[in-house]
Q: 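Next up is a structure, given as structure tokens.
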Amino acid sequence: MAILSVAACSSQPARITVGQCWSVSAGDRIEGAAILYIPSPFSFHIGPKLGGGENCPRYPISLVNQAARDAYRAIDGADISPERRGAPREIFVLLTGAVVSGDDGSPAIRVTRLRQSALADTEPKPH
């Protein structure tokens, strides 16, 4: 799968979508749809990440305001079947954020707005 390089050269954030790999760099602003990868609660050294789909890069996230933290807690705490409890999960989300340089120098996404989405909401709309 090809990777789309995201570069928001204008004042508008770059659009990201599910089903398409994308690459980000520190300084980019992004908005759109992604898959939120929530690790098993037993994975102590792995935090949540965002990506475009299978075999795509995944980027660590930080939740920079109370609204984003509340949204993440609601998504993470949503009712799941008993047989899925404790397993890693993949959830479709809509988000707005900015890309920063992470602790190890690789890109990380600072999420300012987050909400769970149905798959139909994540598909690009015709212009």
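FYI, the numbering just counts along the sequence from 1. The shown structure was predicted, so the numbers you read here are calculated from the model rather than taken from an experiment. We use all heavy atoms of the structure for the numbers below, so side chains are in, but hydrogens, waters and symmetry mates are not.
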Q: Considering all heavy atoms of both residues, which atom of P107 and which atom of P60 are nearest to each other, and what is their separation?
A: O-CD, 3.6 Å
Q: Can you name the nearest heavy-atom pair linking R69 to L63, along with the distance?
A: NH1-O, 3.1 Å
Q: Measuring from atom CG of L95 to atom CZ of R113, what distance do you get when rounded to the nearest 0.5 angstrom?
A: 7.5 Å
Q: May I ask you to test the R89-D76 pair for a side-chain heavy-atom distance under 4.5 Å?
A: yes
Q: Going by side chain to side chain contact (heavy atoms under 4.5 Å, CB included), name the residues that satisfy it together with I46, two or more places apart in sequence or in a different chain.
A: P39, S43
Q: Kindly write out the residues that satisfy side-chain hydrogen bond (donor to acceptor under 3.5 Å, both in side chains) with R73, not counting sequence neighbours, or none if the list is empty.
A: D70
Q: Of the non-hydrogen atoms in E54 and Y37, which two are nearest, and what is the gap between them?
A: N-OH, 4.2 Å
Q: With R110, which residues qualify under salt bridge (charged side-chain N to carboxylate O under 4.0 Å, His left out), at least two apart?
A: none
Q: Taking D28 for the side chain and V99 for the main chain, is one N or O donor matched with an acceptor at less than 3.5 Å?
A: no
Q: Check step by step if side chain to side chain contact (heavy atoms under 4.5 Å, CB included) holds for L50 and I35.
A: CA-CA 6 Å; L50 289 168; I35 299 173; over 6 Å; no
Q: Honestly curious: do I61 and I38 fall in one hydrophobic cluster under the side-chain, below-4.5 Å linking rule?
A: yes
Q: How long is the straight-line distance from CD of E90 back to CG of L36, given to the nearest 0.5 Å?
A: 10.0 Å
Q: Locate the shortest heavy-atom distance separating W22 from Y59; write the atom from each residue and the value.
A: O-OH, 3.3 Å
Q: Determine which pairs satisfy salt bridge (charged side-chain N to carboxylate O under 4.0 Å, His left out) with at least one residue from residues 35-51, sequence neighbours left out, and list them in order.
A: none
Q: Taking all heavy atoms of A68 and all of V111, pick out the closest pair and write down the distance.
A: CB-O, 3.6 Å
Q: Please step through side chain to side chain contact (heavy atoms under 4.5 Å, CB included) for the pair L94 and S117, ending with a clear verdict.
A: CA-CA 6 Å; L94 297 174; S117 173; 3.8 Å; yes
Q: Atom OH in Y72, atom OG in S62: separation rounded to 0.5 Å?
A: 12.5 Å
Q: Are I91 and I109 co-members of a hydrophobic cluster defined by side-chain heavy atoms under 4.5 Å apart?
A: yes
Q: Hydrophobic clusters here meaning ILVMFWY residues chained together by side-chain heavy-atom distances under 4.5 Å, can you tell me if V100 and L114 are in one?
A: no
Q: side-chain hydrogen bond (donor to acceptor under 3.5 Å, both in side chains) with S101: which residues, sequence neighbours excluded?
A: none
Q: Restricting to non-hydrogen atoms, name the atom on I75 and the atom on Q116 that form the minimum distance, rounded to 0.1 Å.
A: CD1-N, 3.7 Å
Q: Using side-chain hydrogen bond (donor to acceptor under 3.5 Å, both in side chains) as the criterion, list what pairs up with S106, not counting sequence neighbours.
A: D104
